[in-house]
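Taking it in order: structure first as structure tokens, then the write-up.
Please read these numbers as outputs of a predicted model, since none were measured by experiment. In what follows, every chain begins at residue 1, and chains take the letters A, B, ... in the order their sequences are listed.
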Amino acid sequence: GAGVSQSPRYKVAKRGQDVALRCDPISGHVSLFWYQQALGQGPEFLTYFQNEAQLDKSGLPSDRFFAERPEGSVSTLKIQRTQQEDSAVYLCASSMGTGGRNEKLFFGSGTQLSVL
Amino acid sequence: GDSVTQMEGPVTLSEEAFLTINCTYTATGYPSLFWYVQYPGEGLQLLLKATKADDKGSNKGFEATYRKETTSFHLEKGSVQVSDSAVYFCALSDGAGGSYIPTFGRGTSLIVHP
């Protein structure tokens, strides 16, 4: 595709429900990042993939958060037993190379998750 | 750890006014510095970057100079337009911890009135 695509655009979940957020990166991009953006804040790092390998998951806030990228392209961020504090915009970004110092990130429009 | 501090918004200007958005950073290593812009309803997109001290990044009339001595990367534009209304994010990437995970500031909203 032309850009990074995320779905759904909006998700409303009841507290305790499991959710799955999808990211389709730009075709051929090696690196994939997930960020969480709370209202009025900047993106906060969650996890990083290089192809199918999850190289850094230090930003995942709890073991309820799980991400995968099994074939090195599409990625899914799963949140189990959602809590109100999980309400945020979840951003996916991809980059062409292996995440070097000067690498440009391409972002999707995000999934806005509201937990009621 | 790494961090980026941006001036709080919103910044409200009239068309053709001069813009400055302040950004300072703390980094473990020698970072590259970036400005990303987010227009309403869209994803963040790279506006400009600088990779070493005294470099100036520029794009679409925006400029920012990498100042290592003051750990700053302030964004400037000489004459803003209504179409520049957006949220601007300062970011850095320095490889601390072995991988280059960009760290972002909280963003500064710019509103330009006709």
Side-chain angles (χ1 to χ4, degrees), chain A residues 1-7 9-10 23-26 29-51 53-60 67 88-112, chain B residues 1-10 21 23-25 27-53 55 57 59 66 73 86-109:
Chain A
V4 178
S5 177
Q6 292 188 246
S7 61
R9 184 74 179 87
Y10 302 94
C23 173
D24 280 86
I26 294 173
H29 275 197
V30 171
S31 293
L32 186 144
F33 304 79
W34 283 99
Y35 285 85
Q36 180 190 60
Q37 186 176 18
L39 188 63
Q41 302 296 316
E44 293 285 340
F45 170 72
L46 293 176
T47 187
Y48 165 62
F49 289 86
Q50 196 176 105
N51 295 308
Q54 189 175 23
L55 298 188
D56 192 330
K57 55 181 182 180
S58 62
L60 296 176
V89 176
Y90 290 84
L91 300 174
C92 176
S94 68
S95 67
M96 190 179 305
T98 54
R101 181 174 170 269
N102 304 329
E103 200 128 292
K104 172 183 177 180
L105 265 59
F106 296 81
F107 280 84
S109 298
T111 293
Q112 185 170 328
Chain B
D2 294 348
S3 67
V4 176
T5 302
Q6 291 182 235
M7 61 188 290
E8 284 213 27
I21 300 179
C23 170
T24 57
Y25 67 89
T28 307
Y30 192 147
S32 289
L33 303 174
F34 307 83
W35 278 100
Y36 282 81
V37 57
Q38 184 175 29
Y39 299 103
E42 300 183 12
L44 279 75
Q45 54 187 278
L46 182 66
L47 179 60
L48 54 85
K49 71 178 183 183
T51 60
K52 63 182 187 295
D55 267 4
N59 186 24
Y66 190 141
F73 193 54
V87 181
Y88 292 81
F89 294 90
C90 186
L92 69 83
S93 175
D94 77 347
S99 57
Y100 293 95
I101 308 296
T103 298
F104 288 83
R106 64 182 298 161
T108 302
S109 176

Measure distances from [X] to the heavy atoms of chain A and classify the residue's part below 4.5 Å as side chain, backbone, both or neither.
| X | answer |
| --- | --- |
| B:Glu42 | backbone |
| B:Tyr36 | side chain |
| B:Gln6 | neither |
| B:Pro102 | both |

So which part of A:Glu103 gets closer than 4.5 Å to some heavy atom of chain B, the side chain, the backbone, both or neither? backbone
Between A:Leu105 and chain B, with a heavy-atom cut-off of 4.5 Å, which part of the residue counts as in contact: side chain, backbone, both or neither? both
Between B:Pro31, B:Gly9, B:Ala50, which residue shows the highest count of heavy-atom pairs closer than 4.5 Å to chain A?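 Highest number of pairs under 4.5 Å: B:Pro31.
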So that I know where these two stand, are A:Tyr35 and B:Phe104 an aromatic pair - ring centroids less than 6.0 Å apart?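 Ring-ring flag for A:Tyr35/B:Phe104: true, centres closer than 6.0 Å.
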Working to the nearest 0.5 Å, report the span between OH of A:Tyr48 and CD1 of B:Ile101.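 Nearest 0.5 Å value for the OH-CD1 distance: 6.5 Å.
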Drop me the distance from A:Phe106's CZ to B:Leu44's CG, to the nearest 0.5 angstrom. 13.0 Å
Check whether the side chains of B:Ser32 and A:Asn102 place a donor and an acceptor atom closer than 3.5 Å, and report yes or no.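 Side chains of B:Ser32 and A:Asn102: pair found under 3.5 Å.
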Count the heavy atoms of every other residue, nucleotide or ligand shown that sit under 6.0 Å from CE of B:Met7, and state whether that count exceeds 12.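 Correct, the count exceeds 12.
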Within the supplied structure, the quantity of interest is the number of heavy atoms (other residues, nucleotides, ligands) at a distance under 6.0 Å from A:Gln54 CD; does it exceed 12?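 Yes, CD of A:Gln54 has more than 12 neighbouring heavy atoms, counting only those of other groups under 6.0 Å.
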I'd like to know which of A:Ser31, A:Gly40, A:Gly110 tops the heavy-atom pair count under 4.5 Å against chain B. A:Gly40
B:Tyr100 and A:Phe33: which non-hydrogen atoms are nearest, and at how many Å? O-CE2, 4.0 Å
Quick one: closest heavy-atom pair of A:Ser109 and B:Gly43, and the distance?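 Closest approach of A:Ser109 to B:Gly43: OG-N, 3.8 Å.
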B:Arg106 and A:Gln37: side chain to side chain contact (heavy atoms under 4.5 Å, CB included), yes or no, with the steps? CA-CA 9 Å; B:Arg106 64 182 298 161; A:Gln37 186 176 18; over 6 Å; no
